Amino acid sequence: MEISYWQSRWQKNNIGWHMEEVYPLLPKLWSKMSALAGATVLVPLCGKTLDLKWLANRGYQVVGIDVSAKALHAVMDDVDEPFIEDSSHGFTIYRSDNIKLWEGDFLNLPVTAVPTPNVIYDKASIVALPPDMRKEYTNKILQLCGNQTEILLQTFCYNQNEMNGPPFSVDKQEINRHYGQQFDIHLLHQQSKFEELKKFQHRGLSSYLTEKVFRLKPKT
Ligand SMILES: C[S@@+](CC[C@H](N)C(=O)[O-])C[C@H]1O[C@@H](n2cnc3c(N)ncnc32)[C@H](O)[C@@H]1O
């Protein structure tokens, strides 16, 4: 998926993935994570998710990265805080007290310029990327991780032969391939979305669609 694909979707407001509410499972799932207030939460491919504000309001230092200026301006419009704009490493950066937004290609994010996150929150992010981009994406995630970093990761699983992504199907075996050496992988939540997300049936899905959320805990 080229950057131009996403820019075009934002331009046309063709953003069917966006939720007009905080991800309903987030409060419950977050209680399983060990990050304390003040911890840094990195949200790759964040779009304009309201989850950024939810996390910031709970005292976390939130770092969001997206290639879309439109998305990040929508986040800033929604947050009642002043942002200062500057640029570095080819990114435009918007900073408030609790939220830092990096506008640019996540794959080019300078690892040493962002604080080591306590949690990486991957919501509809890895599934946004086609198979041939996911290795580079997860390598970047691994470079960003410190010894204590946990990952909260949401995926969809379905028969990839029936529908093309995004969202792409990313199953536990693949998560294990990318992250299994460094992390213990626990399934926190699993739910069929086949009936609820009818739009995917219109795109060809005929059998199953399962949302899965994993907690990745660094191996000791
Ligand atoms: C499916 S959306 C998910 C957005 C958000 N995580 C959410 O749940 O609402 C994928 C997002 O990734 C962004 N994106 C895709 N490729 C990117 C890249 N290489 N670097 C930064 N952002 C990217 C797109 O602009 C889009 O906002």
Side-chain angles (χ1 to χ4, degrees), residues 1-27 29-30 41-56 62-79 87-94 99-111 113-114 117 119-141 143-144 151-158 163-170 189 193 196-197 199-200 203 209 211-214:
M1 240 85 248
E2 302 298 324
I3 296 290
S4 56
Y5 166 86
W6 294 104
Q7 296 289 22
S8 154
R9 289 199 59 167
W10 278 103
Q11 220 158 36
K12 295 179 192 148
N13 215 25
N14 180 11
I15 54 167
W17 65 80
H18 178 67
M19 294 180 164
E20 295 295 346
E21 57 179 355
V22 171
Y23 178 43
L25 296 174
L26 185 57
L29 295 170
W30 200 258
V41 182
L42 187 123
V43 188
L45 282 56
C46 60
K48 58 172 183 174
T49 175
L50 301 180
D51 302 353
L52 298 167
K53 186 176 167 185
W54 186 88
L55 289 163
V62 180
V63 180
I65 305 103
D66 202 282
V67 74
S68 166
K70 188 174 175 188
L72 299 183
H73 280 277
V75 174
M76 289 187 275
D77 288 346
D78 187 45
V79 173
S87 57
S88 175
H89 300 82
F91 284 75
T92 303
I93 307 163
Y94 309 94
I99 302 182
K100 318 277 175 282
L101 300 170
W102 287 67
E103 181 195 319
D105 185 345
F106 174 71
L107 301 177
N108 295 333
L109 189 71
V111 171
V114 292
V119 179
I120 295 179
Y121 176 41
D122 180 317
K123 152 90 187 351
S125 305
I126 192 169
V127 296
L129 302 173
D132 62 346
M133 286 183 73
R134 297 206 281 262
K135 187 75 202 149
E136 197 181 345
Y137 169 81
T138 55
N139 278 344
K140 177 64 79 173
I141 296 276
Q143 288 164 23
L144 287 159
I151 303 177
L152 183 62
L153 195 163
Q154 182 232 19
T155 68
F156 289 112
C157 301
Y158 62 88
M163 181 180 101
N164 200 7
F168 292 91
S169 176
V170 178
H189 172 85
K193 289 279 172 181
E196 186 185 328
L197 298 178
K199 61 182 175 185
F200 295 135
R203 281 169 58 181
L209 172 69
E211 178 186 36
K212 293 187 184 181
V213 186
F214 300 96

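Remember, it's 1-based here, ligands and their atoms both numbered in the order they're listed. Here the structure is a predicted model, which means the values were calculated and not measured. Both backbone and side-chain heavy atoms feed into the values below; hydrogens, waters and symmetry mates do not.
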Under 4.0 Å between heavy atoms, the region of Ile3 that gets near ligand 1 turns out to be side chain

Spell out, as yes or no, whether a donor-acceptor pair under 3.5 Å connects the side chain of Gln7 to the backbone of Ala69. no

Rounded distance [0.5 Å steps], CG in Leu209 versus CD in Glu196: 9.5 Å

Give a yes/no verdict on a cation-pi contact between Lys123 and Tyr23, requiring under 6.0 Å between NZ or CZ and the six-membered ring centre and an angle within 45° of the axis. yes

Below 4.5 Å, heavy atoms only, C-beta onward: do Thr49 and Tyr121 meet side chain to side chain? no

Tell me whether ligand 1 is touched by Ala71 - counting only heavy atoms on the residue side and a distance under 4.0 Å. no

Check whether any side-chain N or O of Lys140 sits under 3.5 Å from a backbone N or O of Phe106 as a donor-acceptor pair, and report yes or no. no

Side chain, backbone, both or neither: Phe106 near ligand 1, heavy atoms under 4.0 Å: both

Side chain proximity check, Ser88 to Ile93, heavy atoms < 4.5 angstrom: yes

In this structure, does ligand 1 have an atom that sits under 4.0 Å from one of the heavy atoms of Pro167? no

Considering only heavy atoms, which of Lys70, Arg9, Lys123, Glu2 lies nearest to atom 8 (O) of ligand 1? Lys123

Compare Leu107, Leu52, Asp105, Val67 and give the one whose heavy atom is closest to atom 19 (N) of ligand 1. Asp105

Of all protein heavy atoms, the one nearest atom 9 (O) of ligand 1 is Trp17 CD1, 3.4 Å

Could you tell me the residue and atom name of the protein heavy atom closest to atom 27 (O) of ligand 1, and the distance to it rounded to 0.1 Å? Asp66 OD2, 2.8 Å

With heavy atoms of Gly104 as the reference, note each atom of ligand 1 found under 4.0 Å away. 20 (N), 21 (C)

On a heavy-atom basis, I'd like to know which of Thr49, Ile126, Leu45 is closest to atom 12 (O) of ligand 1. Leu45

So is Trp10 in contact with ligand 1, going by heavy-atom distances below 4.0 Å? yes

If you define the side chain from C-beta out and look only at heavy atoms, does anything of Asp66 sit under 4.5 Å from Leu101? no

Option whose closest heavy atom lies nearest to atom 3 (C) of ligand 1, chosen from Ala128, Ala124, Pro166: Ala124

So, does Lys48 use its side chain to make a donor-acceptor pair with the main chain of Ala74 at under 3.5 Å? no

